[in-house]
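Note sheet for the following structure.
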Amino acid sequence: MSKAPSEGINEDDLKIGEPKTRAAGLPAVMHSLQIGVEQMGVVRTARTLFRVNQKKGFDCPGCAWPEPERRHIAEFCENGAKAVAEEATKRTVNPAFFAQHSVAELREQDDYWLGQQGRLTHPMVLREGATHYEPISWDDAFAMIRDELKGLDHPDQAVFYTSGRTSNEAAFVYQLLVRGLGTNNLPDCSNMCHESSGSALSETIGIGKGTVSLEDIYQASLIIIAGQNPGTNHPRMLSALEKAKRNGARIVAINPLPEAGLFRFANPQEISGIIGNGTKIADEFLQIKLGGDQALFQALAACLIERGALDEKFIAEHTTGFEAFRDGLADLDWAEVLEATGLAEKQIRSLAADLEASDSTIICWAMGLTQHKHSVAMLRDVVNVLLLQGNIGKPGAGVSPVRGHSNVQGDRTMGIFERMPETFHNALDAEFDFVSPREHGYDTVAAIRAMDEGKVRFFMGMGGNFVRAAPDTEHTERALRNTRLTVQVSTKLNYSHVVTGTQALILPTLGRTERDTQSSGEQQVTVEDSMSMVHASRGRLAPVSDEVRSEVAIVAEIAEKLLTDDGAPKPGTPQTDWRALAGDYSLIRCHIAAVVPGFKDFEAKLENPGGFELPHGPSADIRFNTPDGRAQFTVNELHYPKVPAGRLLLQTLRSHDQYNTTIYGTDDRYRGIYHGRRIIMVNAEDLAELGLADEQMVDLISEWPLADGTIQERHAKAFRVVAYSTPRGCAAAYYPETNVLVPLDSTAITSGTPTSKSVVIRLEPAEPSPAS
Ligand SMILES: Nc1nc2c(c(=O)[nH]1)N[C@H]1C(S)=C(S)[C@@H](COP(=O)(O)OP(=O)(O)OC[C@H]3O[C@@H](n4cnc5c(=O)[nH]c(N)nc54)[C@H](O)[C@@H]3O)O[C@H]1N2
Ligand SMILES: Nc1nc2c(c(=O)[nH]1)N[C@H]1C(S)=C(S)[C@@H](COP(=O)(O)OP(=O)(O)OC[C@H]3O[C@@H](n4cnc5c(=O)[nH]c(N)nc54)[C@H](O)[C@@H]3O)O[C@H]1N2
Ligand SMILES: [Mo]
């Protein structure tokens with residue numbers, strides 16, 4: 001039996017306890033089984049959890065951490081188990097549910113309540129002026145999409161968003177459809193996520209992806225983990241770090257918060273992890289100020305140069321720009337470094353000594369380094385540090401931007417990007433005998449602006465929850481309301497279904513765990529993980545309803561309606577048999593093999609149960625894919641956030657019980673916060689200085705200076721302050737509740753990523769609510 005869906009969150013039940021100092025262990029196993037049984041019942045829990053990440057099973061819809069070659073019988077983690085349970089839940093949102101709840105009523109619910117209602121089972125339409133969604137046939141839904149798209153004055157009036165769960169096959173046909181329609185308006189979640197990594201890496205090392213494999217992690221002598229909370233967001237990374245540790249690696253964590261998973265890990269897959277105290281993970285912890293990492297990495301580079309700890313042969317043979325870089329650092333101001341980082345010089349010099357002592361270093365990072373105004377420059381400086389010691393292109397060394405969504409990296413490889421390189425367009429055009437548009441499309445932030453300005457009439461979301469994931473919630477909502485038709489291809493109900501254009505469609509789709517049967521039989525799909533391994537995924541569960549369709553089938557049907565005359569491709573559009581592609585995904589893989597580098601013999605290579613590795617990083621003779629074949633040192637001006645007096649810098653992050661905008665539960669166990677999400681973690685001394693008491697209710701107000709010197713304010717009301725270990729001046733609160741505070745114009749230079757990890761705010765005591 002699965003239990004009934006939960007009520008929403010009652011913030012009055014909030015409890016604050018002690019933060020944990022170790023991750024996983026028995027509580028993690030118990031918690032994953034409990035959530036599994038609540039959502040799926042006992043039998044389904046057993047059937048699904050043991051198929052996750054197995055060689056003939058499905059890819060975990062959780063994070064993008066790779067699977068080891070020798071897999072454990074239960075190759076999943078607590079949060080992977082929650083991701084599976086959320087998708088394979090037995091609860092359903094059917095036409096009766098929509099008849100019962102008006103859209104206005106659903107808008108009053110929180111993200112948790114909406115997500116807990118279950119899986120979408122039928123295509124639904126919200127007609128102009130209607131109060132409720134009503135059922136619609138697939139044919140009529142496709143006709144609505146066709147009519148709306150046909151009525152546009154220009155294809156650029158349509159925007160096609162993608163989240164990172166979409167398979168390679170679906171992503172490839174989706175981008176082909178969009179380019180066939182004549183636009184590159186393909187914003188994706190990556191714009192808000194690792195875009196800064198992509199920007200910094202393509203420019204410096206010629207590829208926008210990580211260069212390491214799992215084997216490299218095992219072999220590294222030093223691993224630096226900066227701006228990442230693996231205990232919650234990439235729990236399976238902890239077993240890899242444990243293995244690295246056993247092989248003698250030193251691990252240093254750089255983070256404003258002492259995250260539990262960075263300290264001790266009790267491997268739930270080993271008996272010692274269940275009953276023992278676990279393995280120590282980080283040898284050192286640098287509690288850095290938000291946005292101070294560029295200063296840290298510049299200082300580390302200066303120390304290495306000062307000590308002559310350089311791989312001169314590598315620098316001479318494989319890099320460009322060293323002299324300018326060295327000269328640029330000559331006047332590094334240590335006072336500024338200490339101000340920016342909040343660290344002691346001794347701590348920085350000691351990490352420099354670790355680097356000097358290491359013959360193979362890996363730097364891992366996630367959102368803590370990508371969501372700041374100067375993230376791209378910061379990451380270029382990370383690359384500089386690695387280049388000094390030749391740490392790219394040899395075993396046990398390299399860059400590891402740890403990706404988020406399970407196929408976000410693959411979607412990009414497939415062409416989900418508003419500005420793909422010319423080489424991709426040329427290959428696509430040759431394969432499909434048409435000319436794809438070259439003008440760059442909108443990224444996420446540009447898409448919001450364009451909708452707001454009335455330049456866009458059609459929005460389609462291939463998964464995700466655009467309204468809640470995007471910054472500046474009010475602005476984003478207004479933008480979507482300004483369109484004529486919003487179409488959401490989704491597995492579960494979310495807020496993006498209730499903030500709509502004049503009309504809206506919900507198209508329910510299959511999840512990873514479900515069987516995908518098409519005219520040629522059962523299909524498999526493929527995904528690419530954070531370390532560029534591509535492998536197959538096959539769901540086994542019966543689909544949640546007979547009405548749900550696969551993402552590929554939905555895309556192909558839209559293409560069929562718009563780009564063909566009765567199945568025959570129109571001139572000037574991709575010359576392909578769309579229906580055949582939907583009937584047999586191996587035909588899509590043939591096209592991918594012809595268009596995307598690294599996919600030669602795609603179908604055959606999938607026979608290898610572990611999948612295959614795409615090129616990622618320099619070739620064996622260390623040739624970088626840059627114009628001169630060398631890695632580029634870059635000179636970057638030092639920046640760090642400067643916060644006016646009496647203000648705090650806010651980072652918006654994930655609790656332990658959520659997957660982005662999907663809220664699994666109301667606890668953040670490792671941080672000791674239970675039964676509530678509207679909290680803000682603040683340094684105790686800052687609280688004292690601001691005259692606030694621990695657990696007092698406050699309103700959060702963000703301050704954004706406009707060009708004319710006035711300050712624009714945004715409000716998030718009724719949060720409880722929690723005195724927490726974080727550097728002075730640096731606060732933390734959960735996303736998506738605080739997205740309302742992130743100004744749309746506050747984006748990272750070059751990558752355009754919203755600065756979700758640095759928002760200037762002030763706290764004001766909250767007005768007591770009328771009830772209390
Ligand atoms: N269970 C679960 N797994 C997930 C997700 C999820 O929501 N839930 N989301 C997935 C996605 S899409 C992504 S992108 C990843 C996100 O994975 P993370 O990046 O780990 O996620 P965040 O919660 O945003 O945590 C950011 C971390 O960086 C630190 N940090 C913030 N600012 C700075 C800074 O200026 N400098 C340094 N050095 N550190 C800083 C924060 O204290 C925090 O530990 O996880 C993926 N996996
Ligand atoms: N303030 C702030 N904002 C942030 C961030 C932050 O750290 N702070 N992080 C950013 C990051 S890193 C990211 S990646 C984005 C995430 O942005 P999104 O990817 O847009 O958001 P998700 O919450 O992951 O999307 C969840 C929805 O996806 C749908 N879904 C799940 N699985 C599938 C599937 O297999 N197919 C389809 N079609 N739909 C599916 C479900 O309906 C579910 O409700 O948010 C960004 N926004
Ligand atoms: Mo992400």
Side-chain angles (χ1 to χ4, degrees), residues 61-65 77-80 82-83 86-87 111 114-115 119-120 161-167 170 188-194 225-235 253-259 261-262 286 288-293 296 365-372 375 378 402-408 444 461-471 488-497 507-512 551 554 641 649 651-662 664 726 730 732 734-739 741-742 753-754 756-759:
C63 71
W65 188 258
C77 63
E78 174 188 351
N79 278 345
K82 292 183 202 163
E86 277 283 322
E87 185 184 295
D111 300 292
L114 291 172
R119 284 287 301 277
L120 295 157
Y161 175 70
T162 315
S163 167
R165 286 222 184 145
T166 296
S167 66
D188 67 349
C189 66
S190 209
N191 296 147
M192 300 181 267
C193 183
H194 265 294
I225 305 169
Q228 192 197 348
N229 177 19
T232 286
N233 297 315
H234 307 92
I254 301 170
N255 202 304
L257 304 178
E259 308 283 26
L262 296 172
L286 303 190
I288 196 166
K289 278 163 74 172
L290 286 171
D293 303 80
L296 171 65
W365 71 86
M367 297 305 99
L369 295 202
T370 63
Q371 298 175 332
H372 296 277
S375 281
M378 178 189 291
V402 184
R403 307 299 300 249
H405 267 302
S406 49
N407 197 40
V408 62
T444 293
M462 183 53 76
N465 182 0
F466 190 84
V467 168
R468 298 295 282 162
Q488 303 286 350
V489 180
S490 313
T491 51
K492 306 217 37 189
L493 186 66
N494 65 47
Y495 213 76
S496 297
H497 301 124
L507 305 181
T509 193
L510 288 172
R512 277 280 163 80
E551 293 177 342
I554 293 170
L649 196 64
Q651 63 153 322
T652 61
L653 43 47
R654 293 153 175 81
S655 86
H656 192 61
D657 266 358
Q658 72 182 83
Y659 195 95
N660 299 337
T661 69
T662 299
Y664 298 143
T726 173
C730 301
Y734 302 132
Y735 129 77
E737 286 82 350
T738 47
N739 286 38
L741 298 172
V742 186
T753 298
S756 307
K757 298 290 188 276
S758 41
V759 185

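Both backbone and side-chain heavy atoms feed into the values below; hydrogens, waters and symmetry mates do not. Each ligand, and each atom within it, is numbered from 1 in the order the structure gives.
A side-chain donor-acceptor contact under 3.5 Å links N465 and S496. If you check the side chains of Q371 and K757, you find a donor sitting under 3.5 Å from an acceptor.
Across all their heavy atoms, P471 and P754 have their closest contact at CG-CG, 3.7 Å. Of all the heavy atoms in G164 and C189, the pair that sits closest is N-SG, 3.5 Å.
Close contacts of ligand 1 with H234, meaning ligand atoms under 4.0 Å from a residue heavy atom, involve 15 (C), 17 (O), 45 (O), 46 (C). Heavy-atom proximity to T232, at under 4.0 Å, picks out these atoms of ligand 1: 1 (N), 2 (C), 3 (N). Close approach to E259 involves these atoms of ligand 1, each under 4.0 Å from a residue heavy atom: 42 (O), 43 (C), 44 (O).
A salt bridge between E86 and K492 is present, with a side-chain N of the basic residue lying under 4.0 Å from a carboxylate O of the acidic one.
For L290, heavy-atom contacts with ligand 1 shorter than 4.0 Å involve the backbone as well as the side chain.
Listed by chain and residue number, the protein contacts of ligand 2 are Y161, S163, R165, C189, M192, C193, M367, Q371, H405, G463, G464, N465, A469, V489, S490, T491, K492, N494, T509, E551, T652, R654, Y659, N660, T661, T662, Y735, N739, S756, K757 (heavy atom within 4.0 angstrom).
Below 30°, between 30° and 60°, or above 60°: for Y161 and F466 the angle between ring planes is above 60°, a perpendicular geometry.
Every side-chain contact (heavy atoms from CB on, under 4.5 Å) that S490 has, sequence neighbours left out, goes to L120, Q488, H497. With sequence neighbours excluded, the residues forming a side-chain contact (heavy atoms from CB on, under 4.5 Å) with C730 are K289, L290, T726, P727, listed by chain and number. For E551, the salt bridge (charged side-chain N to carboxylate O under 4.0 Å, His left out) test picks out no residue, with sequence neighbours left out.
Side-chain atoms of N739 come within 3.5 Å of backbone atoms of R468 as a donor-acceptor pair (strictly under, hydrogens ignored).
At least one heavy atom of H372 sits closer than 4.0 Å to an atom of ligand 1.
The N/O atoms of N229, backbone and side chain alike, include one that comes under 3.5 Å of an N/O atom in ligand 1. Considering backbone and side-chain atoms alike, G227 places an N or O below 3.5 Å from some N or O of ligand 1. For a threshold of 3.5 Å applied to N or O pairs, the pair formed by G291 and ligand 1 contains at least one separation below that value.
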